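Note that the structure is a prediction, hence the values are computed from the model and not measured.
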Amino acid sequence: MSLAERVARARHLLAVVEKSHSPAAFASSFGAEDMVVLDLIARDGLAIEVFTLDTGRLPPETHELIATVRKRYGIPVTLYSPWPDSVDAYVEQHGRDGFYDSVEARQACCAVRKLEPLSRALARRRCWVTGLRREQAGSRATVAEMERDPLRGIWKASPLAEWTNDEVWAYLRVQHVPYNKLHDRGYPSVGCAPCTRAVKPGEHPRAGRWWWEQQGERKECGLHEIAVKVVVAEAAE
């Protein structure tokens with residue numbers, strides 16, 4: 001499939017989301033894939049809210065890109081932050097950087113800074129859009145373009161599910177889409193600053209996320225769970 005065909009398919013899916021599953025929202029981490037999706041939403045003027053989880057530990061490059069997006073596209077970007085009391089309670093129990101101590105402590109941090117704000121962001125939504133790709137990680141190999149989120153009971157759309165990394169970057173370059181400066185410094189994946197590092201030559205693209213954990217660990221924060229696959233035609237009914 002050519003890049004033009006990939007783009008047409010992604011645009012169609014996003015149009016289906018707007019038409020049949022509103023109110024919908026796009027969860028963006030402002031990584032490369034998410035900038036493709038954001039550009040498609042903005043170009044077609046779709047009524048899909050764009051939001052990000054401002055964990056309080058995002059790198060300055062991500063905040064710079066958010067400002068650039070607001071200025072270039074003229075669209076609002078909603079920031080959902082963790083409850084201060086919940087962050088304070090975590091720090092009191094584990095320490096500010098206690099996530100380095102164990103997988104459980106890291107997951108607890110993700111729950112406070114990501115999962116709870118996401119729940120608020122998706123409240124009363126019928127669908128959420130993501131930039132997930134099957135190629136990103138083994139844990140994402142079964143991602144469908146349109147599926148039911150079993151945890152939240154709403155639709156979940158991943159229009160770039162079948163895209164390759166090369167196709168993502170080809171689109172960004174052809175359309176002159178702004179992207180996170182960390183990508184030019186060896187960061188294929190962008191997350192919280194203390195939990196993300198550049199990858200070394202030959203390393204898996206997700207190796208920079210929670211790198212201190214064992215290689216066999218599931219490199220996810222808990223935002224994404226395996227869902228039931230469905231075809232787009234069914235989802236549009």
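Contact check on Arg9 versus Glu5 returns no salt bridge, with no Lys/Arg side-chain nitrogen under 4.0 Å from an Asp/Glu carboxylate oxygen. We find that Glu167 and Arg133 are not joined by a salt bridge, their nearest charged nitrogen and carboxylate oxygen being 4.0 Å or further apart.
For the pair Arg57/Asp97, a side-chain contact is recorded, criterion being any heavy-atom separation below 4.5 Å from C-beta on. Counting heavy atoms from C-beta on, the side chains of Met146 and Val17 come closer than 4.5 Å. Side-chain contact between Val199 and Pro188 is present, with heavy atoms from C-beta onward closer than 4.5 Å. Looking at Glu18 and Leu14, their side chains never come closer than 4.5 Å, going by heavy atoms from C-beta outward. The closest side-chain heavy-atom distance from His94 to Ser102 is not below 4.5 Å. Using a 4.5 Å heavy-atom cutoff, the side chains of Pro194 and Tyr100 are in contact. Contact of the Trp163 side chain with the Glu33 side chain is not registered, since no non-hydrogen atoms from C-beta on lie closer than 4.5 Å. Using a 4.5 Å heavy-atom threshold, the side chains of Cys195 and Trp212 count as touching.
Proximity of a side-chain donor or acceptor of Glu135 to a complementary backbone N or O of Asn165 within less than 3.5 Å is detected. Under a 3.5 Å cut-off, the side chain of Asn180 and the backbone N or O of Leu182 do form a donor-acceptor pair. A side-chain donor-acceptor contact under 3.5 Å links Asp34 to the backbone of Ser29. At least one donor-acceptor pair closer than 3.5 Å links the side chain of Arg134 to the backbone N or O of Val143. Arg6 places no side-chain N or O within donor-acceptor distance of the main-chain N or O of Val168, the cut-off being under 3.5 Å. No donor-acceptor distance shorter than 3.5 angstrom exists from the side chain of His21 to the backbone of Trp155, with no hydrogens or angles considered. Remark: side-chain polar atoms of Arg126 are paired, donor with acceptor, to backbone N or O of Ser20 under 3.5 angstrom.
Aromatic rings of Tyr179 and Trp169 (six-membered ring for Trp) have centroids within the 6.0 Å cut-off, being under it.
For the atom pair OH (Tyr90) and CZ (Arg113), the distance works out to 8.0 Å, reported to the nearest 0.5 Å. How far OG1 of Thr52 is from CD1 of Ile66: 5.0 Å, rounded to the nearest 0.5 Å. Within the model, atoms CZ of Phe26 and CG of Leu38 stand 6.0 Å from one another, a figure rounded to the nearest 0.5 Å. From Asp85, atom CG reaches atom CD of Glu92 across 12.5 Å, with rounding to the nearest 0.5 Å. Atom SG in Cys109 sits 13.5 Å away from atom CD in Glu104 (nearest 0.5 Å). Taking CD of Glu61 as the start and OG1 of Thr68 as the end, the distance is 11.5 Å to the nearest 0.5 Å.
Arg209 and Ser189 make their closest contact through NH1-OG, 2.7 Å (heavy atoms, listed as atom of the first residue, atom of the second, distance).
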Problem set entry | Audit row: Asp39, Tyr171, side chain to side chain contact (heavy atoms under 4.5 Å, CB included) steps and yes/no | CA-CA 10 Å; Asp39 188 75; Tyr171 181 91; 2.6 Å; yes
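The side-chain contact (heavy atoms from CB on, under 4.5 Å) test with Thr196 is passed by exactly one of Trp210, Trp211, Tyr187: Tyr187. Across Pro178, Pro60, Ser28, a single residue satisfies side-chain contact (heavy atoms from CB on, under 4.5 Å) together with Leu65, and that is Pro178.
Taking hydrophobic clusters as Ile, Leu, Val, Met, Phe, Trp and Tyr residues chained together by side-chain heavy-atom distances below 4.5 Å, Ile75 shares a cluster with Val36. Cluster membership check: Val190 does not share its hydrophobic cluster with Met35, using side-chain heavy-atom separations under 4.5 Å among Ile, Leu, Val, Met, Phe, Trp and Tyr. When the side chains of ILVMFWY residues are joined at heavy-atom separations under 4.5 Å, either directly or via intervening members, Leu79 and Leu58 end up in two distinct hydrophobic clusters. Hydrophobic cluster membership differs between Trp83 and Leu115, with clusters built from Ile, Leu, Val, Met, Phe, Trp and Tyr side chains linked at under 4.5 angstrom. Both Tyr80 and Leu118 are members of a single hydrophobic cluster when ILVMFWY side chains are connected at heavy-atom separations under 4.5 Å.
Counted within 6.0 Å of CZ on Arg70, heavy atoms from surrounding residues, nucleotides or ligands total more than 12; the atom is thus considered enclosed. More than 12 heavy atoms of other shown residues, nucleotides or ligands fall within 6.0 angstrom of atom CZ in Arg125.
Counting only N and O atoms by type, the side chains of Thr78 and Glu49 include a donor and acceptor under 3.5 Å apart.
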